[in-house]
Amino acid sequence: MMREDIALGLSDPWWRICNLYWIVDKKGRPIPFEPNEEQRIFYNGLHTRNVILKARQLGFSTLLQIMALDQCLFNDHFIANVIADTMPNAVKLFRKAQFAYRRLPDAIKASRPLESETATELKFTNGSSFSVGTSARGGTVQFLHVSEMGKTAKKYPQKAREIVTGAIEAVPMDDGFIAVESTAEGNGGEFFDLCDDAMKKAQAGEELTPLDFKLHCF
């Protein structure tokens, strides 16, 4: 690939996602990340706020970690936050981002070095940060990924409510991005309500505003 083509590709988030990052496959082998069909469909249909009703093992969590990391690396003062249903699951998600960063080309890492690294947060010298946890953090977040919210809503309904009224509402409308994903966990709770509301808007053919959630069903 010519140097000019690479420079052009680096300006395109989708090109970067498809060409720069590595993951660990189900057999524990490092492989280049290649989006599958479901991931491509989701990415091509992105809205400012997204709710994903999914089957297992489709790779949406992996894609979202790479998207969040990529935005932190290629934007200054960009804050990405991941909220998982349990701390062990939060750490698993964090390790995906850690691995993807460590396997970047040396030139990319050299131009976007780490300022600090903990067990739950990567901070970069451009002022951006990627962090994980089981609850919302204070301050403005440009990228919010809520993982397995159906499980959180079922086991910890108050925590799920706090995510909706706190973390989600704190993401700015003009330049913020939200993805809430989960397998189905019953006919009630905050995740069910997000899906139900988004489905009704889709069935009614309503034009979505930046504050509305778009349903992605896989």
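What you see below is based on every heavy atom in this structure, not just the backbone, and it leaves out hydrogens, waters and symmetry mates. What you are looking at is a predicted structure, and each value in this text was computed from that prediction instead of being measured.
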Task: Within-4.5 Å side-chain heavy-atom neighbours: D175 and T48 - done: no
Open item on the list: So, taking the atom named CG in L63 and the one named CD1 in I52, what distance separates them when rounded to the nearest 0.5 Å?
Closed with: 8.0 Å
Open item on the list: Here's one to test your reading of the geometry: is the NZ or CZ of R103 within 45 degrees of the ring axis of Y21 and under 6.0 Å from its centre?
Closed with: no
- [ ] Look at the rings of F218 and F42 and say which category their plane angle falls in: under 30° parallel, 30 to 60° tilted, over 60° perpendicular.
- [x] perpendicular
Open item on the list: Would you say CG of D106 has more than 12 non-hydrogen atoms from neighbouring residues, nucleotides or ligands within 6.0 angstrom?
Closed with: no
TODO: For residues W14 and R40, determine if any side-chain heavy atom of one lies less than 4.5 Å from a side-chain heavy atom of the other.
DONE: yes
Open item on the list: Counting only heavy atoms from other residues, nucleotides and ligands, does the tally under 6.0 Å from NZ of K54 exceed 12?
Closed with: yes
- [ ] Could you tell me whether K201 and D197 have a side-chain N and a carboxylate O separated by less than 4.0 Å?
- [x] yes
TODO: May I ask you to check whether over 12 heavy atoms, not counting those of K92, lie within 6.0 Å of atom NZ?
DONE: no
Task: Interatomic spacing from NZ in K109 to CZ in R102 - rounded to 0.5 Å - done: 9.0 Å
Open item on the list: For F124 together with Y101, are the ring centres under 6.0 Å from each other?
Closed with: yes
TODO: Check the side chains of T125 and E115 for a donor-acceptor pair under 3.5 angstrom, ignoring hydrogens and angles.
DONE: no
- [ ] For K123 and S116, test the side chains for any donor-to-acceptor distance below 3.5 angstrom and give the result as yes or no.
- [x] no
TODO: For residues F191 and K151, determine if any side-chain heavy atom of one lies less than 4.5 Å from a side-chain heavy atom of the other.
DONE: no
Open item on the list: Any non-hydrogen side-chain atom of F33 less than 4.5 Å from a side-chain atom of I66?
Closed with: yes
TODO: Please check if any side-chain donor atom of Q65 sits under 3.5 Å from a side-chain acceptor atom of H145, or the reverse.
DONE: yes
Task: Least distance between heavy atoms, V141 atom then P172 atom - done: O-CD, 3.3 Å
Open item on the list: Take a 6.0 Å sphere around CD of E37 and say whether it holds more than 12 heavy atoms from other residues, nucleotides or ligands.
Closed with: no
Task: Separation between OH of Y156 and CG of D85, rounded to the nearest 0.5 Å - done: 8.0 Å
Open item on the list: Nearest 0.5 angstrom please: Q142 CD to H77 NE2, how far?
Closed with: 10.5 Å
Task: NZ/K155: more than 12 non-hydrogen atoms of other groups inside 6.0 Å - done: no
Open item on the list: I need the F78 CZ to D70 CG distance, nearest 0.5 Å.
Closed with: 9.5 Å
Open item on the list: Nearest 0.5 angstrom please: S147 OG to E181 CD, how far?
Closed with: 4.0 Å
